[in-house]
Structure formats: C-alpha cells, structure tokens
Amino acid sequence: MREVVAGAVISNGLLLLAQRSYPPEVAGLWELPGGKVEEGETRARALERELAEELGVDVVAGEQIGVGVPLKADLVLVALLATVVGGNPEPTEHTAVRWVGAGALRQMAADGELVPADAVWLEDLAELLT
Ligand code: C5P
C-alpha cells in the first residue's frame, strides 16, 4: 500500500489551502498540500520534504488528523498536522495558496471547491480552527 500525505498546516488559527493546477479533474480545487511517501521515508519526513519542495516552507509534522481516505486500491491519503517553522508559503506547483478559518472552509466545502478526498476531513479541520 502506497501513501499520500497531506499537511493540515495551521498558523494563527487559520488553515493553509493550496489550489491544484492539475490534473484537469481537480484543477482549480483546493487541497491540503502534500505528496507521495517515498520508499523508506516516514509520513512526517515525506510531508516536510513535499512542503519544502512545493511551497518553499519549512514545517514540522505532527499527529494524524481524521481518517485515511482510499484514493485507489493501493493508495491511501492521510493528513498530518503541521507547524510552519520557517519561510512563507509560495506556490510553485500550485496556482495559489490561501489561509482560511472554519467559516470560509465550510463555505468552500459547501461550494464544492475542495478536492473531494480532502472534504472528508471537513469536521476534523473545522474543529481545529474553532
Ligand atoms: O499531489 P500529487 O499529484 O502527488 O497527489 C497524488 C494523489 O493524491 C493525486 O491523486 C491527488 O489528487 C491526491 N491528493 C488528494 N488530496 C491531497 C493531496 C493529494 O486527493 N491533499
């Protein structure tokens, strides 16, 4: 089973969202940024590496939030809390980034603006933001 790890990066009570640029099915939708865990890598290390690569930000990964979400038969998506320890997120692979509170997050979910897999974590995330 391969894993994709996504970061619930929370700073000053706001959650970091990144807007996908590909593939076409999810381009324009917003996600918790992350990527695939490589062979021999921990989830935490993978998340720290991916956020440095994609957003130029140094984070420290923490505990898992929410449930694992199956993406394919052999691929599961997990979310870890993460704290920024250096830098300011600047999108390189994403179209944009934004910081949202619980209200804006709920509105985006209601409007279908979140990547479907990540929408599963709505209540877990909203709780962390209130
Ligand atoms: O970002 P990347 O393309 O490496 O992600 C691998 C897979 O995980 C894709 O299918 C992507 O849609 C999915 N994913 C997701 N939610 C995230 C991050 C990735 O559904 N927060």
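Small disclaimer: the values here were computed from a predicted structure and weren't measured. Just follow the structure's listing: the first ligand is 1, and inside any ligand the first atom is 1.
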Please identify which atoms of ligand 1 are closer than 4.0 Å to at least one heavy atom of [X].
X      : result
Tyr22  : 3 (O)
Leu71  : 8 (O), 13 (C), 20 (O)
Val115 : 20 (O)
Ala117 : 20 (O)
Ala6   : 21 (N)
Leu77  : 15 (C), 16 (N), 17 (C), 20 (O)

Check: Going by the side chain to side chain donor-acceptor pair (under 3.5 Å) test, which pairs reach into residues 39-50, not counting sequence neighbours?
Finding: Glu3-Arg43, Glu41-Arg49, Arg43-Gln64, Arg49-Glu53
Checklist line | Pair His94-Glu31, side-chain contact (heavy atoms from CB on, under 4.5 Å): steps then yes or no | finding: CA-CA 10 Å; His94 291 90; Glu31 69 174 4; 2.7 Å; yes
Distance to 0.1 Å, residue and atom name: give those for the protein heavy atom nearest to [atom].
atom                    : value
atom 6 (C) of ligand 1  : Val4 CG2, 4.0 Å
atom 18 (C) of ligand 1 : Glu31 OE1, 3.2 Å
atom 4 (O) of ligand 1  : Gly35 CA, 4.1 Å

Quick one: closest heavy-atom pair of [X] and [Y], and the distance?
X      : Y     : value
Ala104 : Arg98 : CB-NH2, 4.3 Å
Pro33  : Leu16 : CD-O, 4.0 Å
Trp99  : Val84 : CH2-CG2, 4.5 Å
Val57  : Gly86 : CG2-O, 3.3 Å

Notebook entry, point to check: Between atom CG of Asp118 and atom CZ of Arg20, what is the distance when rounded to the nearest 0.5 Å?
Noted result: 9.0 Å
Next item on the list: Might you check, step by step, whether the distance between atom 9 (C) of ligand 1 and some protein heavy atom is under 4.0 Å?
Entry: no
Within-cut-off N or O pair, [X] and ligand 1, under 3.5 Å:
X      : answer
Arg20  : yes
Asp118 : yes
Pro33  : no

Next item on the list: Check whether any side-chain N or O of Ser21 sits under 3.5 Å from a backbone N or O of Glu93 as a donor-acceptor pair, and report yes or no.
Entry: yes
Next item on the list: Could you list who else is in Leu15's hydrophobic cluster, with ILVMFWY side chains joined at under 4.5 Å, directly or through other members?
Entry: Val4, Ile10, Leu17, Trp30, Leu32, Ile65, Val67, Val69, Leu71, Leu75, Leu77, Leu81, Val100, Leu105, Met108, Leu114, Val120, Trp121, Leu122, Leu125, Leu128, Leu129
